[in-house]
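One structure is given here, and the rest of the page talks about it.
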Amino acid sequence: MNDDKPFVDLRKYDQSRFDRGRPGWYVLLWWLVQAIAFPLTLHPLNNLRCALLRLFGAKIGKGVVIRPTARFTYPWKVTIGAYSWIGDDVIFYSLDQIHIGEQCIVSQKSYLCTGSHDIQDPAFGLKTASITIGNGAWVATDCFIGPGVEIGANAVIGTRSSVFTNMPPGQVCWGSPCRPEYPRVRE
């Protein structure tokens, strides 16, 4: 391959097979509601934010806390279990399903990314895969969780970690790339 000639030809990019799960007008309505309603709600108004997400198809459990600056690309592809917390500026890039268990914490500025592109494809084809975070897990501040990742129950993902592979249950993990470091134990 000639190194100065682009590998990709973005004129060939075709997203027509990607299913957003709702018609375009519905997606735009959600983005408008999220852009206006979420940032204008006071921090304690979790019930209102949860109700809006449910109205647009998200499955949200009892007692969930979602901060007003959290963002959801397609809420109908999101499930959040009871008593979980979603911090400020968390992004759910939900091109595919995102499942958050019960009693989980996803801390501020974390990015849950279910989409990427095929680097071997000259047309830069879209690839998606779901993310699952098990019950009792904590994703600490400013983490990146990649497509297809499963984080086991009661795992901890340390601050600013980049998670590209599955993390086992009950382990404290960190780094870029993220790796299990030691067991999480109850005191």
Count I, L, V, M, F, W, Y as connected when their side-chain heavy atoms are under 4.5 Å apart, and connections chain through other members. Are [X] and [Y] then in the same cluster?
| X | Y | answer |
| --- | --- | --- |
| Trp138 | Val149 | no |
| Trp25 | Phe18 | yes |
| Leu32 | Leu40 | yes |

Indicate yes or no for a side-chain donor-acceptor contact from [X] to the backbone of [Y] under 3.5 Å, with no hydrogens or angles considered.
| X | Y | result |
| --- | --- | --- |
| Trp76 | Arg54 | no |
| Arg49 | His43 | yes |
| Ser107 | Ala140 | no |

### Query
What closest approach, in Å, do Asp121 and Gly125 show between heavy atoms, and which atom pair accounts for it?
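Residues Asp121 and Gly125, closest heavy atoms: OD2-N, 2.9 Å.
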### Task
For Gly134 and Cys104, work out which heavy atoms get closest and say how close.
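Looking at all heavy atoms of both residues, the shortest contact is O-SG, 3.0 Å.
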Near [X] [atom1], under 6.0 Å, is it more than 12 heavy atoms from other residues, nucleotides or ligands?
| X | atom1 | value |
| --- | --- | --- |
| Asn47 | CG | no |
| Ile119 | CD1 | no |
| Trp85 | CH2 | no |

### Query
How are the rings of His117 and Phe124 set relative to one another: parallel (under 30°), tilted (30 to 60°) or perpendicular (over 60°)?
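Plane angle under 30°, so parallel.
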Non-hydrogen side-chain atoms of [X] and [Y] separated by less than 4.5 Å:
| X | Y | result |
| --- | --- | --- |
| Ile133 | Leu112 | yes |
| Leu53 | Phe38 | yes |
| Val156 | Cys173 | no |
| Ile66 | Ile80 | yes |
| Val33 | Phe56 | yes |
| Asn166 | Ile151 | no |
| Tyr111 | Cys143 | no |

### Rounded distance [0.5 Å steps], OG in Ser130 versus CD1 in Ile98
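Going from the OG atom of Ser130 to the CD1 atom of Ile98 covers 9.0 Å.
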### Task
Decide salt bridge (Lys or Arg N to Asp or Glu O under 4.0 Å) for Asp142 and Arg160; before the verdict, give the C-alpha distance in whole Å, the side-chain angles of both, and the deciding distance to 0.1 Å.
CA-CA 5 Å; Asp142 204 16; Arg160 293 208 163 162; 2.7 Å; yes
Would you list the atom pairs, donor with acceptor, under 3.5 Å between side chains in residues 86-96 and any protein atom, with sequence neighbours excluded?
from  : atom 1 : to     : atom 2 : distance (Å)
Asp88 : OD1    : Thr69  : OG1    : 2.7
Asp88 : OD2    : Arg67  : NE     : 3.4
Asp89 : OD2    : Lys109 : NZ     : 3.4
Ser94 : OG     : Tyr74  : N      : 2.8
Ser94 : OG     : Tyr74  : O      : 3.0
Asp96 : OD2    : Thr128 : OG1    : 3.1
Asp96 : OD2    : Ala129 : N      : 3.4

### Message
Does Glu150 form a side chain to side chain donor-acceptor pair (under 3.5 Å) with Thr132? I'd like the steps, not just the answer.
### Response
CA-CA 5 Å; Glu150 293 183 22; Thr132 300; 5.0 Å; no
### Query
Rest of the hydrophobic cluster containing Tyr83 (Ile/Leu/Val/Met/Phe/Trp/Tyr, side-chain heavy atoms under 4.5 Å)?
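Other cluster members: none.
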